[in-house]
Amino acid sequence: MAILTINNLTYQYPSSPQPALKDISLTLESGEFLAVIGANGAGKSSLCYTAAGFIPHFFRGELNGQVLIDGVDSSQSNLNELVLHAGLVFQNPFNQISGSKFTVYEEIAFGLENLGIAREEMKARIDEALALTNIADLGKRSPYALSGGQQQRVALASILVMQPKLLVLDEPTSQLDPIGTQEVFQVIRAMTKRGMTILMAEHKIEQVAEFADRVIALDAGEILLEGTPGEVLTSPLLPERGVGISRYTQVARRAQAMGLWSKQTHLPATLAQAVRGFGGADAAQEVNDAA
Amino acid sequence: MRLETENLGFTYEGGVEALRGIDLVIKAGERAAIVGQNGAGKTTLVKHFNGLLRPTSGTVRVGDVLTSESPVSKLAARVGYVFQNPDEQLFCKTVEEEIIFGPKNLGFTPEKVEALVADALELSDLGTRKDENPYDLSPSWRKMVAMASIIAMDTPIIVLDEPTTGQDALNIARIANIVSTLHARGKTVITITHDIDFCVENFERLIAMAQGRIILDAPMAEGLAERDLLASTYVEQPQLTRLGARLGLARTVGKPDDFLAALQELRQ
(Lines give C-alpha, C1' and ligand atoms only; values in the text may rest on other atoms or scores of the structure.)
Protein backbone atom coordinates (compact mmCIF):
# COMPACT_ATOMS: atom_id res chain seq x y z
CA MET A 1 0.00 0.00 0.00
CA ALA A 2 1.34 3.44 -0.93
CA ILE A 3 1.87 5.70 2.09
CA LEU A 4 3.26 8.61 0.12
CA THR A 5 2.47 9.41 -3.49
CA ILE A 6 3.85 12.49 -5.16
CA ASN A 7 2.71 13.26 -8.70
CA ASN A 8 4.44 15.88 -10.87
CA LEU A 9 5.23 18.13 -7.94
CA THR A 10 6.72 21.55 -8.59
CA TYR A 11 7.10 23.96 -5.69
CA GLN A 12 8.44 27.47 -5.36
CA TYR A 13 9.05 29.36 -2.09
CA PRO A 14 7.35 32.79 -1.95
CA SER A 15 10.59 34.81 -2.03
CA SER A 16 12.50 32.60 -4.46
CA PRO A 17 13.01 33.29 -8.17
CA GLN A 18 13.06 29.60 -9.12
CA PRO A 19 11.35 26.39 -8.00
CA ALA A 20 12.93 24.43 -5.14
CA LEU A 21 11.41 21.20 -6.47
CA LYS A 22 10.75 20.46 -10.15
CA ASP A 23 8.44 17.81 -11.52
CA ILE A 24 9.01 15.28 -8.75
CA SER A 25 7.10 12.00 -8.89
CA LEU A 26 7.64 9.21 -6.41
CA THR A 27 5.81 6.55 -4.43
CA LEU A 28 6.68 5.12 -1.04
CA GLU A 29 5.21 1.78 -0.02
CA SER A 30 4.32 0.87 3.55
CA GLY A 31 7.40 -0.17 5.54
CA GLU A 32 9.86 1.14 2.98
CA PHE A 33 12.94 3.22 3.86
CA LEU A 34 13.76 5.81 1.20
CA ALA A 35 16.91 7.90 1.61
CA VAL A 36 17.29 11.24 -0.14
CA ILE A 37 20.77 12.49 -0.94
CA GLY A 38 22.01 15.56 -2.76
CA ALA A 39 24.23 18.63 -2.46
CA ASN A 40 23.23 21.55 -0.25
CA GLY A 41 20.36 23.38 -1.93
CA ALA A 42 19.38 20.38 -4.08
CA GLY A 43 15.91 20.29 -2.48
CA LYS A 44 16.28 17.62 0.24
CA SER A 45 14.73 19.70 3.03
CA SER A 46 11.98 20.96 0.71
CA LEU A 47 11.08 17.39 -0.19
CA CYS A 48 10.96 16.51 3.54
CA TYR A 49 8.69 19.49 4.27
CA THR A 50 6.42 18.47 1.39
CA ALA A 51 6.22 14.84 2.46
CA ALA A 52 5.10 15.95 5.94
CA GLY A 53 2.68 18.66 4.76
CA PHE A 54 4.75 21.62 6.06
CA ILE A 55 4.79 22.61 2.41
CA PRO A 56 2.26 24.14 1.62
CA HIS A 57 0.79 24.62 5.11
CA PHE A 58 3.70 26.19 7.00
CA PHE A 59 5.86 27.36 4.10
CA ARG A 60 3.48 29.01 1.65
CA GLY A 61 4.39 29.56 -1.98
CA GLU A 62 3.24 27.94 -5.17
CA LEU A 63 2.63 24.21 -5.31
CA ASN A 64 1.64 22.39 -8.48
CA GLY A 65 1.01 18.68 -8.69
CA GLN A 66 -0.41 16.31 -6.11
CA VAL A 67 0.86 15.00 -2.78
CA LEU A 68 -1.04 12.16 -1.10
CA ILE A 69 0.06 11.46 2.48
CA ASP A 70 -1.47 8.20 3.69
CA GLY A 71 -4.25 8.77 1.15
CA VAL A 72 -4.92 12.38 2.21
CA ASP A 73 -4.39 15.08 -0.42
CA SER A 74 -2.10 17.44 1.48
CA SER A 75 -3.29 20.59 -0.33
CA GLN A 76 -6.89 19.84 0.65
CA SER A 77 -6.01 19.15 4.28
CA ASN A 78 -4.29 21.01 7.13
CA LEU A 79 -1.37 20.39 9.48
CA ASN A 80 -3.62 19.42 12.40
CA GLU A 81 -4.91 16.52 10.36
CA LEU A 82 -1.66 15.70 8.58
CA VAL A 83 0.34 15.25 11.82
CA LEU A 84 -1.83 12.22 12.49
CA HIS A 85 -0.36 10.62 9.35
CA ALA A 86 3.16 12.02 9.00
CA GLY A 87 5.77 13.22 11.49
CA LEU A 88 8.74 15.46 10.68
CA VAL A 89 12.05 15.49 12.56
CA PHE A 90 13.74 18.80 11.72
CA GLN A 91 17.36 19.19 10.74
CA ASN A 92 18.05 21.59 13.60
CA PRO A 93 16.50 20.12 16.77
CA PHE A 94 16.36 23.61 18.24
CA ASN A 95 13.60 24.45 15.74
CA GLN A 96 11.52 21.60 16.99
CA ILE A 97 11.64 22.01 20.76
CA SER A 98 8.38 23.62 21.81
CA GLY A 99 9.92 26.17 24.17
CA SER A 100 7.00 25.76 26.56
CA LYS A 101 8.12 22.68 28.50
CA PHE A 102 10.53 22.39 31.41
CA THR A 103 11.58 18.77 31.08
CA VAL A 104 12.42 16.35 28.31
CA TYR A 105 9.58 14.10 29.51
CA GLU A 106 7.01 16.89 29.15
CA GLU A 107 8.49 17.85 25.81
CA ILE A 108 7.96 14.35 24.47
CA ALA A 109 4.43 14.24 25.91
CA PHE A 110 3.57 17.56 24.25
CA GLY A 111 2.32 16.21 20.92
CA LEU A 112 0.31 13.43 22.55
CA GLU A 113 -1.53 15.79 24.89
CA ASN A 114 -3.35 17.24 21.92
CA LEU A 115 -4.48 13.86 20.61
CA GLY A 116 -6.71 12.90 23.53
CA ILE A 117 -4.90 9.67 24.27
CA ALA A 118 -5.51 7.83 27.55
CA ARG A 119 -2.97 8.52 30.28
CA GLU A 120 -1.70 4.93 30.54
CA GLU A 121 -1.21 4.70 26.81
CA MET A 122 0.63 8.04 26.82
CA LYS A 123 2.98 6.88 29.53
CA ALA A 124 3.72 3.61 27.75
CA ARG A 125 4.46 5.40 24.48
CA ILE A 126 6.71 7.98 26.12
CA ASP A 127 8.69 5.35 28.03
CA GLU A 128 9.16 3.40 24.83
CA ALA A 129 10.30 6.44 22.86
CA LEU A 130 12.76 7.38 25.62
CA ALA A 131 14.14 3.85 25.61
CA LEU A 132 14.36 3.60 21.81
CA THR A 133 16.31 6.84 21.54
CA ASN A 134 18.44 5.97 24.57
CA ILE A 135 17.58 9.05 26.62
CA ALA A 136 15.65 7.53 29.54
CA ASP A 137 18.16 9.17 31.88
CA LEU A 138 17.43 12.65 30.48
CA GLY A 139 13.69 12.68 31.26
CA LYS A 140 13.96 15.24 34.05
CA ARG A 141 16.48 17.54 32.35
CA SER A 142 15.55 20.78 30.61
CA PRO A 143 15.46 20.37 26.80
CA TYR A 144 17.63 23.49 26.57
CA ALA A 145 20.39 22.22 28.86
CA LEU A 146 21.28 19.39 26.50
CA SER A 147 24.02 18.99 23.92
CA GLY A 148 23.14 19.17 20.23
CA GLY A 149 23.33 15.40 19.97
CA GLN A 150 21.02 14.90 22.94
CA GLN A 151 18.55 17.45 21.59
CA GLN A 152 18.52 15.57 18.32
CA ARG A 153 17.47 12.41 20.17
CA VAL A 154 14.73 14.31 22.02
CA ALA A 155 13.43 15.66 18.72
CA LEU A 156 13.27 12.12 17.32
CA ALA A 157 11.57 10.74 20.44
CA SER A 158 8.94 13.51 20.39
CA ILE A 159 7.89 12.39 16.90
CA LEU A 160 8.18 8.63 17.53
CA VAL A 161 5.59 8.86 20.33
CA MET A 162 3.08 10.09 17.80
CA GLN A 163 3.50 6.79 15.91
CA PRO A 164 3.01 8.35 12.49
CA LYS A 165 2.65 6.00 9.52
CA LEU A 166 5.15 8.12 7.63
CA LEU A 167 8.25 9.31 9.49
CA VAL A 168 10.17 12.07 7.70
CA LEU A 169 13.65 12.91 8.96
CA ASP A 170 15.85 15.76 7.76
CA GLU A 171 19.47 14.80 8.56
CA PRO A 172 18.56 13.41 11.97
CA THR A 173 22.09 12.34 12.90
CA SER A 174 24.08 15.42 11.90
CA GLN A 175 25.18 16.17 15.47
CA LEU A 176 25.52 12.60 16.72
CA ASP A 177 28.70 10.66 17.31
CA PRO A 178 29.17 7.48 15.23
CA ILE A 179 27.56 5.21 17.81
CA GLY A 180 24.63 7.59 18.21
CA THR A 181 24.28 7.65 14.43
CA GLN A 182 24.29 3.88 14.23
CA GLU A 183 21.69 3.70 17.03
CA VAL A 184 19.34 6.05 15.20
CA PHE A 185 19.58 3.93 12.05
CA GLN A 186 18.89 0.80 14.14
CA VAL A 187 15.77 2.49 15.57
CA ILE A 188 14.66 3.39 12.04
CA ARG A 189 15.14 -0.20 10.93
CA ALA A 190 13.09 -1.44 13.90
CA MET A 191 10.34 1.04 13.01
CA THR A 192 10.18 -0.15 9.40
CA LYS A 193 9.77 -3.71 10.68
CA ARG A 194 6.68 -2.49 12.53
CA GLY A 195 5.39 -1.09 9.26
CA MET A 196 6.44 2.53 9.67
CA THR A 197 7.46 4.16 6.38
CA ILE A 198 10.59 6.30 6.32
CA LEU A 199 11.76 9.19 4.18
CA MET A 200 15.15 10.50 5.31
CA ALA A 201 17.45 13.19 3.95
CA GLU A 202 21.01 12.23 4.87
CA HIS A 203 24.63 13.02 3.98
CA LYS A 204 26.09 9.95 5.69
CA ILE A 205 26.51 7.70 2.70
CA GLU A 206 27.91 4.69 4.57
CA GLN A 207 24.75 4.35 6.66
CA VAL A 208 22.47 5.05 3.71
CA ALA A 209 24.21 2.24 1.83
CA GLU A 210 23.72 -0.15 4.71
CA PHE A 211 20.16 0.65 5.80
CA ALA A 212 18.07 2.22 3.04
CA ASP A 213 15.87 0.15 0.70
CA ARG A 214 15.93 2.76 -2.02
CA VAL A 215 17.78 6.00 -2.68
CA ILE A 216 16.99 9.08 -4.71
CA ALA A 217 19.59 11.70 -5.53
CA LEU A 218 18.30 15.23 -6.00
CA ASP A 219 20.06 17.82 -8.08
CA ALA A 220 18.81 21.40 -8.43
CA GLY A 221 15.31 20.36 -7.37
CA GLU A 222 15.02 17.42 -9.75
CA ILE A 223 15.42 13.69 -9.32
CA LEU A 224 18.82 12.90 -10.80
CA LEU A 225 18.98 9.21 -9.89
CA GLU A 226 16.67 6.68 -8.33
CA GLY A 227 17.37 3.05 -7.48
CA THR A 228 18.90 0.65 -4.98
CA PRO A 229 21.70 2.00 -2.74
CA GLY A 230 24.23 -0.01 -4.77
CA GLU A 231 23.11 1.57 -8.04
CA VAL A 232 22.74 5.16 -6.93
CA LEU A 233 25.60 5.55 -4.46
CA THR A 234 28.29 4.37 -6.88
CA SER A 235 27.15 6.52 -9.80
CA PRO A 236 29.88 8.70 -11.31
CA LEU A 237 27.26 11.47 -11.57
CA LEU A 238 27.29 12.08 -7.81
CA PRO A 239 30.74 13.65 -7.44
CA GLU A 240 30.04 15.74 -10.55
CA ARG A 241 27.01 17.23 -8.82
CA GLY A 242 28.72 17.88 -5.49
CA VAL A 243 27.29 14.86 -3.67
CA GLY A 244 29.62 13.02 -1.32
CA ILE A 245 30.37 9.36 -1.95
CA SER A 246 31.89 6.81 0.39
CA ARG A 247 35.66 6.39 0.58
CA TYR A 248 35.11 2.79 -0.50
CA THR A 249 33.68 3.93 -3.81
CA GLN A 250 36.37 6.57 -4.20
CA VAL A 251 39.34 4.26 -3.73
CA ALA A 252 37.79 1.41 -5.71
CA ARG A 253 37.32 3.72 -8.69
CA ARG A 254 40.97 4.78 -8.48
CA ALA A 255 42.04 1.17 -7.89
CA GLN A 256 40.16 0.15 -11.03
CA ALA A 257 42.31 2.55 -13.06
CA MET A 258 45.41 1.03 -11.44
CA GLY A 259 44.29 -2.52 -12.19
CA LEU A 260 43.67 -3.29 -8.51
CA TRP A 261 39.88 -3.63 -8.82
CA SER A 262 38.30 -5.88 -11.44
CA LYS A 263 36.42 -4.12 -14.23
CA GLN A 264 33.73 -6.80 -13.90
CA THR A 265 33.04 -6.10 -10.22
CA HIS A 266 30.45 -3.47 -9.31
CA LEU A 267 31.96 -0.58 -7.34
CA PRO A 268 31.41 -0.89 -3.57
CA ALA A 269 29.35 1.43 -1.36
CA THR A 270 29.80 -0.50 1.89
CA LEU A 271 32.73 -1.96 3.82
CA ALA A 272 31.54 -5.53 3.18
CA GLN A 273 31.33 -4.93 -0.58
CA ALA A 274 34.80 -3.34 -0.58
CA VAL A 275 36.32 -6.24 1.36
CA ARG A 276 34.78 -8.72 -1.10
CA GLY A 277 35.82 -6.76 -4.17
CA PHE A 278 39.40 -6.26 -2.98
CA GLY A 279 39.55 -9.97 -2.16
CA GLY A 280 40.34 -9.62 1.52
CA ALA A 281 40.97 -12.58 3.81
CA ASP A 282 37.41 -12.31 5.17
CA ALA A 283 36.02 -12.51 1.65
CA ALA A 284 37.88 -15.75 1.03
CA GLN A 285 36.55 -16.99 4.35
CA GLU A 286 32.99 -16.10 3.31
CA VAL A 287 33.40 -18.02 0.05
CA ASN A 288 34.62 -21.04 2.00
CA ASP A 289 31.72 -20.74 4.43
CA ALA A 290 29.28 -20.63 1.53
CA ALA A 291 30.83 -23.74 0.00
CA MET B 1 51.25 30.92 19.44
CA ARG B 2 51.48 28.19 22.03
CA LEU B 3 48.42 26.96 23.87
CA GLU B 4 48.82 25.16 27.17
CA THR B 5 46.48 23.81 29.82
CA GLU B 6 47.72 22.58 33.15
CA ASN B 7 45.60 20.28 35.29
CA LEU B 8 42.52 22.03 33.90
CA GLY B 9 39.25 21.17 35.60
CA PHE B 10 35.79 22.60 35.00
CA THR B 11 32.49 21.98 36.74
CA TYR B 12 29.26 23.47 35.41
CA GLU B 13 26.84 25.21 37.75
CA GLY B 14 24.67 22.40 38.96
CA GLY B 15 27.61 20.10 39.53
CA VAL B 16 28.30 18.39 36.19
CA GLU B 17 32.08 17.86 36.14
CA ALA B 18 32.90 18.37 32.48
CA LEU B 19 36.72 18.50 32.53
CA ARG B 20 39.15 16.70 34.82
CA GLY B 21 42.90 17.19 34.95
CA ILE B 22 43.48 18.21 31.35
CA ASP B 23 47.19 18.65 30.50
CA LEU B 24 47.61 19.69 26.92
CA VAL B 25 50.16 21.60 24.88
CA ILE B 26 49.35 22.62 21.32
CA LYS B 27 52.29 24.28 19.59
CA ALA B 28 52.10 27.08 17.05
CA GLY B 29 51.14 25.85 13.59
CA GLU B 30 49.78 22.46 14.62
CA ARG B 31 46.64 20.91 13.15
CA ALA B 32 44.95 19.03 15.97
CA ALA B 33 41.61 17.22 15.91
CA ILE B 34 39.65 16.53 19.08
CA VAL B 35 37.29 13.56 18.90
CA GLY B 36 35.10 11.69 21.35
CA GLN B 37 31.53 10.80 22.19
CA ASN B 38 28.75 13.37 22.74
CA GLY B 39 29.21 14.85 26.19
CA ALA B 40 32.93 13.98 26.48
CA GLY B 41 33.86 17.62 27.17
CA LYS B 42 35.23 18.62 23.76
CA THR B 43 33.33 21.88 23.38
CA THR B 44 33.79 22.71 27.06
CA LEU B 45 37.55 22.35 26.58
CA VAL B 46 37.85 24.61 23.54
CA LYS B 47 35.62 27.25 25.12
CA HIS B 48 38.44 27.63 27.65
CA PHE B 49 40.88 28.58 24.91
CA ASN B 50 39.23 31.93 24.20
CA GLY B 51 37.96 32.63 27.70
CA LEU B 52 34.27 31.87 27.06
CA LEU B 53 34.70 29.59 30.08
CA ARG B 54 37.20 30.04 32.94
CA PRO B 55 38.79 27.08 34.73
CA THR B 56 37.30 25.84 37.98
CA SER B 57 40.78 24.54 38.72
CA GLY B 58 44.14 24.57 36.93
CA THR B 59 45.21 27.02 34.24
CA VAL B 60 44.92 27.79 30.54
CA ARG B 61 47.70 29.78 28.94
CA VAL B 62 47.45 31.31 25.46
CA GLY B 63 50.88 32.51 24.44
CA ASP B 64 52.13 34.50 27.42
CA VAL B 65 48.78 35.18 29.09
CA LEU B 66 46.63 33.24 31.52
CA THR B 67 42.99 33.20 30.41
CA SER B 68 41.88 33.66 34.01
CA GLU B 69 43.63 37.03 34.08
CA SER B 70 42.77 38.30 30.59
CA PRO B 71 39.61 39.96 29.34
CA VAL B 72 37.76 38.12 26.54
CA SER B 73 38.53 41.10 24.30
CA LYS B 74 42.28 40.41 24.57
CA LEU B 75 41.81 36.68 23.99
CA ALA B 76 39.61 37.41 20.96
CA ALA B 77 42.69 38.65 19.12
CA ARG B 78 44.46 35.36 19.82
CA VAL B 79 41.86 32.60 19.52
CA GLY B 80 39.02 32.56 17.02
CA TYR B 81 36.23 30.12 17.80
CA VAL B 82 33.68 29.06 15.17
CA PHE B 83 30.57 27.80 16.95
CA GLN B 84 29.01 24.46 16.11
CA ASN B 85 25.68 26.20 15.61
CA PRO B 86 26.20 29.34 13.50
CA ASP B 87 22.96 30.81 14.82
CA GLU B 88 24.69 31.36 18.17
CA GLN B 89 27.21 33.55 16.40
CA LEU B 90 25.56 35.53 13.60
CA PHE B 91 23.64 38.76 14.13
CA CYS B 92 24.37 41.24 11.29
CA LYS B 93 22.13 42.15 8.35
CA THR B 94 24.48 41.13 5.58
CA VAL B 95 27.19 38.54 5.14
CA GLU B 96 29.77 41.25 4.54
CA GLU B 97 28.83 43.23 7.69
CA GLU B 98 29.04 40.02 9.65
CA ILE B 99 32.59 39.41 8.41
CA ILE B 100 33.67 43.04 8.90
CA PHE B 101 32.52 43.09 12.53
CA GLY B 102 35.34 41.02 14.03
CA PRO B 103 38.42 42.61 12.46
CA LYS B 104 36.95 46.11 12.88
CA ASN B 105 36.41 45.45 16.57
CA LEU B 106 40.00 44.33 16.93
CA GLY B 107 41.01 47.84 15.90
CA PHE B 108 42.73 47.05 12.61
CA THR B 109 43.14 49.89 10.07
CA PRO B 110 40.37 50.23 7.46
CA GLU B 111 42.82 49.02 4.79
CA LYS B 112 43.69 45.91 6.76
CA VAL B 113 40.01 45.23 7.54
CA GLU B 114 39.22 45.49 3.84
CA ALA B 115 42.00 43.08 2.89
CA LEU B 116 41.03 40.56 5.59
CA VAL B 117 37.37 40.63 4.60
CA ALA B 118 38.21 40.13 0.92
CA ASP B 119 40.43 37.20 1.82
CA ALA B 120 37.79 35.57 4.06
CA LEU B 121 35.10 36.01 1.39
CA GLU B 122 37.34 34.34 -1.16
CA LEU B 123 38.39 31.43 1.07
CA SER B 124 34.80 30.66 1.99
CA ASP B 125 33.52 31.24 -1.55
CA LEU B 126 30.98 33.75 -0.25
CA GLY B 127 31.89 36.58 -2.61
CA THR B 128 28.69 36.36 -4.62
CA ARG B 129 26.57 36.23 -1.46
CA LYS B 130 28.16 39.09 0.47
CA ASP B 131 25.11 41.37 0.29
CA GLU B 132 22.63 38.70 1.39
CA ASN B 133 21.15 38.41 4.87
CA PRO B 134 22.82 35.44 6.61
CA TYR B 135 19.38 34.25 7.70
CA ASP B 136 18.26 33.98 4.07
CA LEU B 137 21.05 31.47 3.45
CA SER B 138 20.76 27.74 4.11
CA PRO B 139 22.15 26.46 7.45
CA SER B 140 25.16 25.03 5.64
CA TRP B 141 26.06 28.40 4.11
CA ARG B 142 25.38 30.20 7.39
CA LYS B 143 28.07 27.94 8.78
CA MET B 144 30.47 29.13 6.07
CA VAL B 145 29.61 32.75 7.06
CA ALA B 146 30.41 31.96 10.69
CA MET B 147 33.72 30.50 9.59
CA ALA B 148 34.56 33.46 7.33
CA SER B 149 33.82 35.94 10.11
CA ILE B 150 36.40 34.24 12.33
CA ILE B 151 38.99 33.80 9.56
CA ALA B 152 38.82 37.57 8.98
CA MET B 153 39.98 38.19 12.56
CA ASP B 154 43.40 36.84 11.59
CA THR B 155 43.96 35.16 14.97
CA PRO B 156 47.01 32.91 15.36
CA ILE B 157 44.76 30.12 16.69
CA ILE B 158 41.48 29.05 15.09
CA VAL B 159 39.05 26.53 16.55
CA LEU B 160 36.43 24.91 14.28
CA ASP B 161 33.65 23.18 16.22
CA GLU B 162 32.09 20.45 14.04
CA PRO B 163 32.80 22.28 10.76
CA THR B 164 31.52 19.57 8.40
CA THR B 165 28.16 18.91 10.08
CA GLY B 166 25.40 19.03 7.47
CA GLN B 167 27.83 20.03 4.71
CA ASP B 168 27.90 18.52 1.25
CA ALA B 169 31.00 17.37 -0.61
CA LEU B 170 31.69 20.79 -2.16
CA ASN B 171 31.58 22.66 1.14
CA ILE B 172 33.66 19.96 2.84
CA ALA B 173 36.26 20.48 0.11
CA ARG B 174 36.10 24.24 0.75
CA ILE B 175 36.60 23.67 4.48
CA ALA B 176 39.53 21.33 3.80
CA ASN B 177 41.06 24.06 1.65
CA ILE B 178 40.54 26.59 4.46
CA VAL B 179 42.36 24.31 6.91
CA SER B 180 45.33 23.79 4.60
CA THR B 181 45.51 27.50 3.69
CA LEU B 182 45.46 28.58 7.33
CA HIS B 183 48.09 25.95 8.10
CA ALA B 184 50.30 27.23 5.27
CA ARG B 185 50.03 30.70 6.84
CA GLY B 186 51.40 29.31 10.09
CA LYS B 187 48.11 29.33 12.02
CA THR B 188 47.21 26.75 14.61
CA VAL B 189 44.02 24.97 13.54
CA ILE B 190 42.07 22.96 16.08
CA THR B 191 38.87 21.14 15.24
CA ILE B 192 36.26 19.19 17.10
CA THR B 193 34.68 16.61 14.86
CA HIS B 194 32.73 13.39 14.61
CA ASP B 195 33.75 13.20 10.96
CA ILE B 196 36.75 10.94 11.34
CA ASP B 197 37.32 10.66 7.58
CA PHE B 198 37.61 14.47 7.34
CA CYS B 199 39.84 14.40 10.39
CA VAL B 200 42.37 11.91 9.02
CA GLU B 201 42.61 13.71 5.69
CA ASN B 202 43.20 17.20 7.11
CA PHE B 203 44.78 16.98 10.57
CA GLU B 204 48.08 15.57 11.85
CA ARG B 205 47.37 15.08 15.54
CA LEU B 206 44.55 13.13 17.15
CA ILE B 207 43.25 13.91 20.64
CA ALA B 208 40.46 11.69 21.97
CA MET B 209 38.39 12.63 25.01
CA ALA B 210 36.06 10.64 27.24
CA GLN B 211 34.26 11.72 30.39
CA GLY B 212 36.16 14.96 30.73
CA ARG B 213 39.63 13.49 30.26
CA ILE B 214 42.09 13.08 27.43
CA ILE B 215 42.43 9.35 26.82
CA LEU B 216 44.57 9.50 23.69
CA ASP B 217 46.92 12.11 22.24
CA ALA B 218 49.11 10.98 19.35
CA PRO B 219 50.24 11.67 15.79
CA MET B 220 47.31 10.83 13.49
CA ALA B 221 48.52 7.49 12.08
CA GLU B 222 49.51 6.21 15.51
CA GLY B 223 46.28 7.39 17.10
CA LEU B 224 44.11 5.79 14.43
CA ALA B 225 45.67 2.42 15.15
CA GLU B 226 44.19 2.51 18.70
CA ARG B 227 40.94 0.90 17.64
CA ASP B 228 39.72 -0.22 21.05
CA LEU B 229 40.65 2.98 22.84
CA LEU B 230 38.79 5.00 20.20
CA ALA B 231 35.81 2.69 20.37
CA SER B 232 35.64 3.24 24.14
CA THR B 233 34.71 6.88 23.42
CA TYR B 234 32.44 5.98 20.49
CA VAL B 235 34.90 6.91 17.76
CA GLU B 236 34.98 4.60 14.82
CA GLN B 237 38.14 4.28 12.74
CA PRO B 238 38.03 5.95 9.29
CA GLN B 239 36.47 3.91 6.48
CA LEU B 240 39.81 3.21 4.80
CA THR B 241 41.50 2.29 8.10
CA ARG B 242 38.82 -0.34 8.70
CA LEU B 243 39.03 -1.57 5.12
CA GLY B 244 42.84 -1.71 5.27
CA ALA B 245 42.72 -3.80 8.44
CA ARG B 246 40.24 -6.23 6.88
CA LEU B 247 42.49 -6.60 3.84
CA GLY B 248 45.55 -7.24 5.99
CA LEU B 249 47.54 -4.20 4.85
CA ALA B 250 50.99 -3.98 6.45
CA ARG B 251 50.34 -0.62 8.18
CA THR B 252 47.49 1.53 9.49
CA VAL B 253 46.23 3.76 6.70
CA GLY B 254 43.69 6.55 6.71
CA LYS B 255 43.99 8.57 3.49
CA PRO B 256 43.14 7.30 -0.02
CA ASP B 257 46.73 7.73 -1.29
CA ASP B 258 48.18 5.77 1.63
CA PHE B 259 45.56 3.07 1.25
CA LEU B 260 46.26 2.58 -2.46
CA ALA B 261 50.03 2.59 -1.93
CA ALA B 262 49.79 -0.04 0.81
CA LEU B 263 47.40 -2.12 -1.29
CA GLN B 264 49.81 -2.05 -4.22
CA GLU B 265 52.67 -3.22 -1.97
CA LEU B 266 50.50 -6.05 -0.69
CA ARG B 267 49.71 -7.21 -4.20
CA GLN B 268 53.33 -7.17 -5.36
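Chain letters run A, B, ... following the sequence lines, proteins first and then strands; every chain starts at 1.
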Please state whether the side chain, the backbone, both or neither of A:Q175 comes within less than 4.5 Å of a heavy atom of chain B. both
Turns out that what part of A:Q182 lies under 4.5 Å from chain B's heavy atoms comes down to neither
How many angstroms lie between [atom1] in [X] and [atom2] in [Y], if you round to the nearest 0.5 Å?
{"X": "B:L263", "Y": "A:W261", "atom1": "CG", "atom2": "CH2", "answer": "10.5 Å"}
{"X": "A:T181", "Y": "B:Y234", "atom1": "OG1", "atom2": "OH", "answer": "12.5 Å"}
{"X": "B:I196", "Y": "A:D177", "atom1": "CD1", "atom2": "CG", "answer": "11.5 Å"}
{"X": "B:L243", "Y": "A:T270", "atom1": "CG", "atom2": "OG1", "answer": "10.0 Å"}

So, for A:P178 and B:E236, which heavy atoms are closest and what is the spacing to 0.1 Å? CG-N, 4.0 Å
Ignoring hydrogens, what is the shortest heavy-atom contact between B:L260 and A:A255? Give both atom names and the distance. CD2-CB, 3.9 Å
With a 4.5 angstrom heavy-atom cut-off, which part of [X] approaches chain A: side chain, backbone, both or neither?
{"X": "B:N171", "result": "side chain"}
{"X": "B:P256", "result": "both"}
{"X": "B:R267", "result": "side chain"}
{"X": "B:D87", "result": "side chain"}
{"X": "B:Q239", "result": "both"}

Would you mind reporting whether A:L176 and B:H194 have side-chain heavy atoms less than 4.5 Å apart? no
Pull out the residues in residues 212-231 of chain B that come under 4.5 Å of chain A, heavy atom to heavy atom, sorted by number. none
Select all residues of residues 34-45 of chain B having any heavy atom within less than 4.5 Å of some heavy atom of chain A, and report them by number, or 'none'. B:Q37, B:N38
Could you check whether atom [atom1] of [X] has more than 12 heavy atoms from other residues, nucleotides or ligands sitting under 6.0 Å from it?
{"X": "A:E62", "atom1": "CD", "value": "no"}
{"X": "B:Y12", "atom1": "OH", "value": "yes"}
{"X": "A:K204", "atom1": "NZ", "value": "yes"}
{"X": "B:Q211", "atom1": "CD", "value": "no"}
{"X": "B:E122", "atom1": "CD", "value": "no"}
{"X": "B:F91", "atom1": "CZ", "value": "yes"}

Going by atom type alone, with no hydrogens or angles, which donor-acceptor pairs under 3.5 Å involve a side-chain atom of residues 244-252 of chain A and a protein atom two or more places apart or on another chain?
from, atom 1, to, atom 2, distance (Å)
A:S246, OG, A:Y248, N, 3.3
A:S246, OG, A:T249, N, 3.2
A:S246, OG, A:T249, OG1, 3.1
A:R247, NE, B:E201, OE2, 3.0
A:R247, NH2, B:E201, OE1, 2.9
A:R247, NH2, B:E201, OE2, 3.4
A:Y248, OH, A:E206, OE2, 3.0
A:T249, OG1, A:P268, O, 2.7

Just list the side-chain donor-acceptor pairs under 3.5 Å for residues 36-44 of chain A, sequence neighbours left out, or say none.
from, atom 1, to, atom 2, distance (Å)
A:N40, ND2, B:S140, OG, 3.2
A:N40, ND2, B:Q167, OE1, 3.3
A:N40, ND2, B:D168, OD1, 3.3
A:K44, NZ, A:G38, O, 2.9
A:K44, NZ, A:A39, O, 3.1

Verdict with supporting geometry, B:D257 and A:R254, salt bridge (Lys or Arg N to Asp or Glu O under 4.0 Å): CA-CA 10 Å; B:D257 288 348; A:R254 287 177 60 187; 2.7 Å; yes
